[in-house]
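For reference, the structure is listed below as structure tokens.
Please read all numbers here as calculations on a predicted model, not as lab measurements.
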Amino acid sequence: MRRHAVATGWTLAMGTMALVDVGLIVLGVFAGLFTIVGLIFCFPPMIKLIRRRTALARRLTGRWLGAEVLPPYLPPPPPVRPQPDGWYRYQRQLYRTPWWPEWNNRTKWMFSDPGTWRDAVWLVLNPVAGGSLVLLPLALVGYGVALPWLWAPQAAPLGVAVAALGIAATPWLLRFYGWWNKLLLAPTARSVLAGRIRRLDQVRLEAADSQAAELRRIERDLHDGAQARLVAIGMTLGAAEELVDKDPEAAKALLAKSREASSTALTELRDLVRGIHPPVLAERGLGDAVKALALDSPLKVTVTVDLKSRPEAPVESAAYFSISELLTNAARHGGAERVWIDISGRGRTLRVTVTDDGSGGADPSRGSGLRGIERRLAAFDGVLALNSPPGGSTTATIDLPFALAVAQRDTPSMPKWMYAVVAVGWCLGWLPLFPQGIVTMILKIVGTDERSWFLALYLPEPLQWPLIIFNIFLGLALYGLAIGLPLSYSRKQELCGVSL
């Protein structure tokens, strides 16, 4: 009962908002007329207002359907950058400030975005859909209440049943209304693809920057470490060569010193190679490499590994160095004594959780270490989630989607209940829509005495029109489900990255 009461309240609220949308439509018409006559400044504020209204509809639709409805808009244009001479260019025009180019780019982006026009179509149709959402239950309830007065006192049980039908229909109508909103307001495959391309461009730039920084680090380590020691070894060997005849003891001392320097240079080269790609990681995988890293750490580290397949080498390297950076932060900045590392697989997602008992307060915006981890993971669509309250333990969770290999499976098909609903819709939708709905309505309007097998014409006069309207709505609903369910499932699979 409480569910029906909540649904009824939401239905009345949606009907009221549908009436408010009429005012937005009027404002939109005036804004369009002003834009046509040259007052283009009216266009962006109106689009922003409509997008706020559709954003509210998406939030409510996600609440009703139990799934978030994301915005369908294309990515906004990048910020305008000045030319070498300090001017800003938009097409063939030059400006001293970025205001005009930014405004022109955003206006063009709004105007050319298909999501803008889909929002406009939804806004125009919503008063009809939202009004129907309210009027149909209210009409059923009102007709059920008035039925005993219009026909006979004996119709009171039937009136109660009709009113109860109106109340019981509100949750289903609300869900159908949410599905209709999702059909118009959810992202399209084009907008999702454009967002992914934009993110890939950003990731490519960040990966290139990270690679350049890594090359600079390797060059610096070679120049300041192994290269300097090798030069010193060469000079020491040259001095020993000159002293081998004059002072053999001094030459032996220089040779011993060169041997120690070569050993140190070899150690530094091994450390450098280990910093590029540790041999244990290449030979034994991520789990054993992290366990070896834990043995070298000054902290008490507990490592738990639950992986059924091995990730690709680049993914392993990104996860390994991310864990290494988190361990370093826990020892250097967090003041931790114990660290727990959990490496597991969830489907195709590689999840790494690093928890320490330090002082907390870690913030990616205050240091380059965590930002470096985020840039490293972004190349593989990975994310870093950090929970580090001041004075408490720090928990860092790394998710790398599609990092683990799984057995190739066939493309998922629709559930059996969807097939059943589609079959019923195509097989039976014609019956209530045409002979029992539209044809009966025409005969009722014409006033013919022919009843044949048109069931509504055999009912008492007050019940004929409600049954005719119900049959038409039933037929349209069956055809709508038969068409909409496969489309909705196909769109869902596209958004999940599965091609049907």
Side-chain angles (χ1 to χ4, degrees), residues 206 210 213-214 217-218 220-221 225 267-268 270-307 310-311 313-346 349-401 403-404:
E206 292 182 353
S210 299
E214 193 72 14
R217 182 187 68 83
I218 294 172
R220 184 180 64 251
D221 291 345
T267 302
E268 290 180 351
R270 286 175 177 171
D271 292 339
L272 182 62
V273 171
R274 191 178 296 111
I276 298 173
H277 195 79
V280 65
L281 180 63
E283 295 172 1
R284 305 190 61 180
L286 180 61
D288 290 337
V290 173
K291 291 178 181 178
L293 185 66
L295 293 175
D296 296 334
S297 175
L299 306 176
K300 298 179 181 179
V301 183
T302 302
V303 181
T304 304
V305 182
D306 183 15
L307 289 179
R310 184 173 175 179
V315 178
E316 278 189 333
S317 179
Y320 174 84
F321 287 110
S322 299
I323 296 172
S324 176
E325 182 67 29
L326 291 173
L327 277 178
T328 303
N329 289 344
R332 182 181 303 173
H333 305 294
E337 295 181 358
R338 294 190 61 87
V339 177
W340 295 267
I341 301 175
D342 180 74
I343 304 173
S344 61
R346 299 191 176 186
T349 300
L350 173 63
R351 170 164 292 185
V352 178
T353 304
V354 180
T355 306
D356 64 60
D357 60 352
S359 58
D363 187 0
S365 62
R366 294 188 304 177
S368 60
L370 295 176
R371 288 291 301 155
I373 293 176
E374 291 178 342
R375 287 194 298 269
R376 187 186 294 272
L377 298 177
F380 307 97
D381 285 339
V383 294
L384 170 66
L386 192 66
N387 181 19
S388 182
S393 61
T394 298
T395 301
T397 302
I398 296 172
D399 275 346
L400 289 163
L404 302 176

**Request:** List the steps, then state whether side-chain contact (heavy atoms from CB on, under 4.5 Å) holds for Val354 with Val339.
**Result:** CA-CA 7 Å; Val354 180; Val339 177; 3.8 Å; yes

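- Counting only distance, with no hydrogens or angles, the side chain of Ser388 and the backbone of Ala362 share a donor-acceptor pair below 3.5 Å.
- In summary, of the residues considered (Asp399, Val352, Ile398), a side-chain contact (heavy atoms from CB on, under 4.5 Å) with Leu384 occurs for Ile398 alone.
- The two residues Leu307 and Gly345 come nearest to each other via the heavy atoms CD2-N, 3.7 Å.
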**Request:** Walk me through it: do Asn387 and Thr397 pass the test side-chain contact (heavy atoms from CB on, under 4.5 Å)?
**Result:** CA-CA 9 Å; Asn387 181 19; Thr397 302; over 6 Å; no

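- In this structure a side-chain-to-backbone donor-acceptor pair under 3.5 Å is missing from Ser344 to Asp306.
- Side-chain atoms of Thr304 and Ile343, non-hydrogen and from C-beta on, never get closer than 4.5 Å to each other.
- Shown here for Leu281 and Tyr320, the closest heavy-atom pair between the two residues is CD2-CB, 3.9 Å.
- Minimum interatomic distance between Arg338 and Trp340 (heavy atoms only, all atoms of both residues): NE-CZ2, 3.5 Å.
- A salt bridge does not link Glu337 with Lys300: every distance from a Lys NZ or Arg NE/NH1/NH2 to an Asp or Glu carboxylate oxygen is 4.0 Å or more.
- Inter-residue side-chain proximity for Asp356 and Asn329 is flagged as unmet; no heavy-atom pair is nearer than 4.5 Å.
- Atom CZ of Arg346 sits about 9.0 Å away from atom OG1 of Thr349, to the nearest 0.5 Å.
- Minimum heavy-atom separation, Val305 to Gly287: CG2-CA, 3.8 Å.
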**Request:** Give the intermediate values and the outcome of side-chain contact (heavy atoms from CB on, under 4.5 Å) for residues Leu326 and Ile373.
**Result:** CA-CA 9 Å; Leu326 291 173; Ile373 293 176; 3.8 Å; yes

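- Put simply, CD on Glu325 and CZ on Arg371 are 13.0 Å apart, with the number rounded to the nearest 0.5 Å.
- Counting only heavy atoms from C-beta outward, the side chains of Thr355 and Thr394 never approach each other to under 4.5 Å.
- Side chains of Leu377 and Ser322 form a contact here, defined as non-hydrogen atoms less than 4.5 Å apart.
- Heavy atoms only, all atoms of each residue included: Ala403 and Val315 are closest at CB-CG1, 3.7 Å.
- Between atom CD of residue Glu316 and atom CG of residue Leu350 there is a gap of 9.0 Å, rounded to the nearest 0.5 Å.
- Taking 4.5 Å as the limit, every side-chain heavy atom of Lys291 sits out of range of all side-chain heavy atoms of Leu293.
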